[in-house]
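Read through the structure below, which is laid out as C-alpha cells, and then see the notes.
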Amino acid sequence: MLVTSRAHDEYVAMFDLGDRDLGRSIVDVAAGSSGFAARWSRRGGHVVSVDPAYAVGGTRIAELGRVDLERGSAIAAEFPDRFVWDWFGDPQRRQAMRSRALAEFLTDLVSRPGGYLAAALPALPFRDGAFDLAISSHLLFTWADQLGLDWHHAAVRELARVAREVRLFPTVLQGAGDPVPFWAELMARLDADGLRCHRQRVPYEFQKGVDEMLVVLPR
Ligand SMILES: C[S@@+](CC[C@H](N)C(=O)[O-])C[C@H]1O[C@@H](n2cnc3c(N)ncnc32)[C@H](O)[C@@H]1O
C-alpha cells in the first residue's frame with residue numbers, strides 16, 4: 001500500500017471542509033504523509049493524524065512518500081483517460097502541490113510530534129466520542145480488493161465510535177474506479193448498527209467521475 005501526500009487543499013475539497021470546521025476536533029485516519037494537518041493546525045484547527053506508517057519514523061516515511069509521489073505521477077501519465085485535470089490544472093501543478101505537502105508534513109512531524117500517532121484500523125486508541133469528526137482518504141474502499149467486507153464493517157464502526165461524524169473519500173476502488181463489490185451488504189450492516197450513511201458530492205475530482213464522499217452519522 002502506498003504512503004501518499006495529498007495536500008491540505010485537496011483534503012478541504014475532498015471532505016468539503018470550511019472555516020466552520022476549524023472549531024471541531026478532527027482525527028485523520030490513514031493520514032500518511034499528507035500535508036493536511038500541518039496547514040490545518042497552522043490555521044488554528046485541532047487535528048490528530050493516525051497511520052501505522054508513523055512507527056517507522058520520519059526518514060523512512062520521507063523515502064516512501066517520495067517514491068510514491070513519482071509512482072503516482074507515472075500512473076497518471078500512463079492512464080490519461082482515467083484522470084481529469086480541472087482541479088489541479090495540469091500534471092506539473094499536481095506534482096508541485098504534492099511535493100510541498102510532503103515537505104510540510106515532514107516539518108510538522110518534527111515540530112508537532114504529538115499530533116501524529118502510529119495506530120491502525122480497525123482498532124484506534126481513543127475513547128468513545130473523542131472527536132467531532134473522523135476523516136479518512138484513500139484507504140477504505142480504495143483497497144476494497146484487498147480489505148474485505150468484514151474489515152470495512154469493523155473499520156467504519158470504529159471510526160464512528162471515536163467520532164460523532166465520519167467522512168470517507170473516495171467511495172470506489174483504486175485503478176479504474178470500479179464500484180465496491182460489497183457496498184450494499186456494508187450499508188445494510190451499518191444501518192443495522194444504527195448508523196446513517198449517505199453519499200455527498202464534493203468539489204474535488206481527479207480520478208474521472210470520482211467526486212463523492214461517504215458521510216456516516218449516528219441515527
Ligand atoms: C494511499 S495512502 C493515503 C494517505 C493520505 N490519506 C492521502 O490521502 O494522501 C494510504 C495510507 O493508509 C495507511 N494504512 C494502511 N493500513 C492502514 C490501517 N489498517 N489503518 C490505518 N491506516 C492504514 C498507509 O500506511 C498509508 O499511509
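As the structure lists them, so they are numbered: ligands from 1, and atoms in each ligand from 1.
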*asked:* Regarding ligand 1, does Arg6 bring an N or O atom to under 3.5 Å of one of the ligand's N or O atoms?
replied: yes

*Do the ring planes of Phe169 and Phe15 sit parallel (below 30°), tilted (30 to 60°) or perpendicular (above 60°)?*
perpendicular

*Should Glu70 and Arg66 be marked as a salt bridge (charged side-chain N to carboxylate O under 4.0 Å, His left out) after you check the CA-CA gap, both sets of side-chain angles, and the distance that decides it?*
CA-CA 6 Å; Glu70 295 306 324; Arg66 279 186 203 109; over 6 Å; no

*Out of Trp87, Trp85, Phe79, which residue meets the ring-ring contact (aromatic ring centres under 6.0 Å, His included) rule with Phe206?*
Trp85

*Is there a donor-acceptor contact under 3.5 Å linking the side chains of His153 and Asp193?*
yes

*Classify the ring geometry between Phe131 and Phe126 as parallel (under 30°), tilted (30 to 60°) or perpendicular (over 60°).*
perpendicular

_Can you confirm, on distance only, whether ligand 1 has an N/O atom lying under 3.5 Å from any N/O atom belonging to Ser33?_
no

*asked:* Is Phe36 close enough to touch ligand 1? Criterion: a residue heavy atom under 4.0 Å from a ligand atom.
replied: no

*Polar-atom distance check: Asp51 versus ligand 1, any N or O pair below 3.5 Å?*
yes

_Quick check on contacts: which atoms of ligand 1 are under 4.0 angstrom from a heavy atom of Ala31?_
4 (C), 5 (C), 6 (N)

*Taking Arg60 for its side chain and Ala53 for its backbone only, find out whether a donor-acceptor pair lies under 3.5 Å.*
no

_Shortest heavy-atom approach to atom 22 (N) of ligand 1 - which of Ala55, Ala120, Pro52_ = Pro52

*Return yes or no for this condition: an N or O of Trp143 is under 3.5 Å from an N or O of ligand 1.*
no

*Give the contacting part of Ser5 toward ligand 1: side chain, backbone, both or neither, where contact means a heavy-atom distance below 4.0 Å.*
backbone

*Plane angle bin for Tyr116 and Tyr54 - parallel if under 30°, tilted between 30 and 60°, otherwise perpendicular*: perpendicular

*Mind checking whether Trp151 has an N or O less than 3.5 Å away from an N or O of ligand 1?*
no

_Distance-only N or O hit between ligand 1 and Ala53, under 3.5 Å_ = no

*Can you tell which part of Leu139 has a heavy atom less than 4.0 Å from ligand 1: side chain, backbone, both or neither?*
side chain

